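Because the structure is a prediction, the values reported are computed rather than measured.
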Amino acid sequence: MAEEASNQAPPSQESVVQVEEVVVTDVLQPADKTPPPPPTTTTTVPVERDSPPQPEPEAPEKKPVEETVTLETHLSKPNNADDSSNDEKVSEFKEESTKLSDLSENQNKALQDLKKLVQEALQSHEFSSKEEKKTPPTTASAADKEEQQQPQQQEEVVTETKTDAAPEKTEEEQVETKKEDQVETEKEEQVEKEEKKEEVKETKEDDDGAKTVEAIEETVVAVSSSVPPQAEEKASETEAKEEASPPLPPEEVSIWGVPLLADERSDVILLKFLRAREFKVKEAFTMLKNTIRWRKEFGMEELMEEKLGDELEKVVFMHGTDKEGHPVCYNIYGEFQNKDLYRKTFSDEEKREKFLRWRIQFLEKSIRKLDFNPGGICTIVQVNDLNKSPGPAKWELRQATKNALQLLQDNYPEFVAKQIFINVPWWYLAVNRMISPFLTQRSKSKFVFAGPSKSTETLLSYIAPEQLPVKYGGLSKDGEFANTDAVTEITVRAASKHTVEFPVTEKCLLSWELRVIGWEVSYGAEFVPDSEGSYTVIVQKSRKVGSSEEPVVCNSFKVGEPGKVVLTIDNTSSKKKLLLYRLKTKPSPSD
């Protein structure tokens, strides 16, 4: 936005004719020579590097801007003079510190409370999965079935005994009633004798009734005591074993290769769960417990040993770091335009499940390489390239992405430092609305979106060009230069000519590589000797490099006498261009 606003301002007459001249007194030396003294830089004409590119009016009397930069070191750091807007982008989300000394009092208290909950859970083996805690088997054994049948049979015996005793008692009562009637009709003389007989009979009946009741009670006691003695024996045996065996040691639980509560690395992991739940201790503990159980159910340790193929190595890969040292993971959705690859990955539920396991395995391996020590780098930058990505009509891809996002958000808290979406097409807004409900506000605050025309500029604001792959506008590739060889960034203004000079004083082999983002400029290179009697050597004849040509130009020159190598970038377009280059010297090979 700053660039667009500045483009509306008319260019001043002075900026058109300015000539920048930066002179560095030091000289490149071969690698085996002693290092040169510190460089000194003098600028004869101040240059407004922040001025935007402006189309030059067609006037024959005005000349294009000529900038000359004389450099001596091949380890020059990237020029950040034009990156003020990029710094603002980086500061949009400031990653919190993982050092305990930087925590507030409330945050530190929340961490200590969570550690207590974790300690109690380890003591009680609370992190064990539900399946592991269930000791009884799913199917009962034959002995258990017999034990279950015995109480039923004994209950039937009790019922039968009670029902049999009742009729006997009723008949006796009827006999007593008949005898009493007979006694009343007998003669008065036999009353006393009959009464005595009745008393004897009643005594016998009472004894029989008591015996019957006692028999019932004995049967009931026998039935009720037939099973409990076994249960009591088992309970007593269990109690005896518990008393005899020592208490179980605390449960040992590791997550991402870090044992919980073992050292300071555990505090860093617990802080991730606390921040994901806004330092609400109980919610953070529940999330941690669910994550550990999910990892066991998912078979994480077994997954690390699985061979899931290398068909997707071009879809997701790690490459370099960002300017703050975070590893960068690239997700290239355009690879799924390959119909065979898409079919092998998403055609059915089984293949989608395999893709999910492969994605989790890849992320898990990347996370285990992070530094969980306080102050270490323990987050990742995700770059999502949507160029030629299958559209929203690909239901299988949408479903797989949705499932993966849900799992990552639930079980991998605070592992993303930045989510950068590049080459965002028009239809992605609809897809983003569909995915957004599954993301927390904190996660969405880390998102950065860039269309095709702004993708390289956005990536370079977060990732140094020596770490950025060539296909995305950087210089990182296999070859003579490594990711540790720093790149210099210079903005070439519109309708201007920019020169870079590398002075050398001794014999050596000078190599360099450069690119101009978007090219459409002329590039040439030459060696100018210091001796007046020597001739200038054309290293690269000046030619216009189109946007579709090779993105990076590599050249080398064997220096045989003192002089300087001059690179010339002639930008005749109406837009400013970003120049990236780096160089190195080697001892001159023997002739």
Tell me yes or no: between the side chains of Glu414 and Thr379, is some donor less than 3.5 Å from an acceptor? no

Side chains of His326 and Glu95: closer than 4.5 Å at any heavy-atom pair? yes

Do Ile420 and Phe449 make a side-chain contact, defined as non-hydrogen atoms from C-beta onward lying under 4.5 Å apart? no

So, Phe362 versus Phe317, ring centres under 6.0 angstrom or not? no

Under 3.5 Å, is there a donor-acceptor pair linking the side chains of Gln467 and Asp322? no

Examine Lys388 relative to Tyr333 and say whether NZ or CZ is less than 6.0 Å from the centre of the six-membered ring and inside a 45° cone about the ring axis. no

Taking the side chain as C-beta and beyond, is there a heavy-atom pair between Phe298 and Ile360 under 4.5 Å? yes

Measure from NZ or CZ of Lys584 to the centre of the six-membered ring of Phe481, then state whether that distance is under 6.0 Å and the direction lies within 45° of the axis. yes

Cation-pi, Tyr523 ring and Arg515 (6.0 angstrom, 45 degrees): no

Parallel, tilted or perpendicular, judged at 30° and 60°: which one describes the rings of Trp256 and Phe415? perpendicular

Is there side-chain contact between Tyr342 and Lys394, with heavy atoms separated by less than 4.5 Å? yes

Taking the side chain as everything from C-beta on, heavy atoms only, tell me whether Thr458 gets closer than 4.5 Å to Leu460. no

Using a 4.5 Å cut-off on heavy atoms from C-beta on, say whether the side chain of Ser573 contacts that of Glu520. no

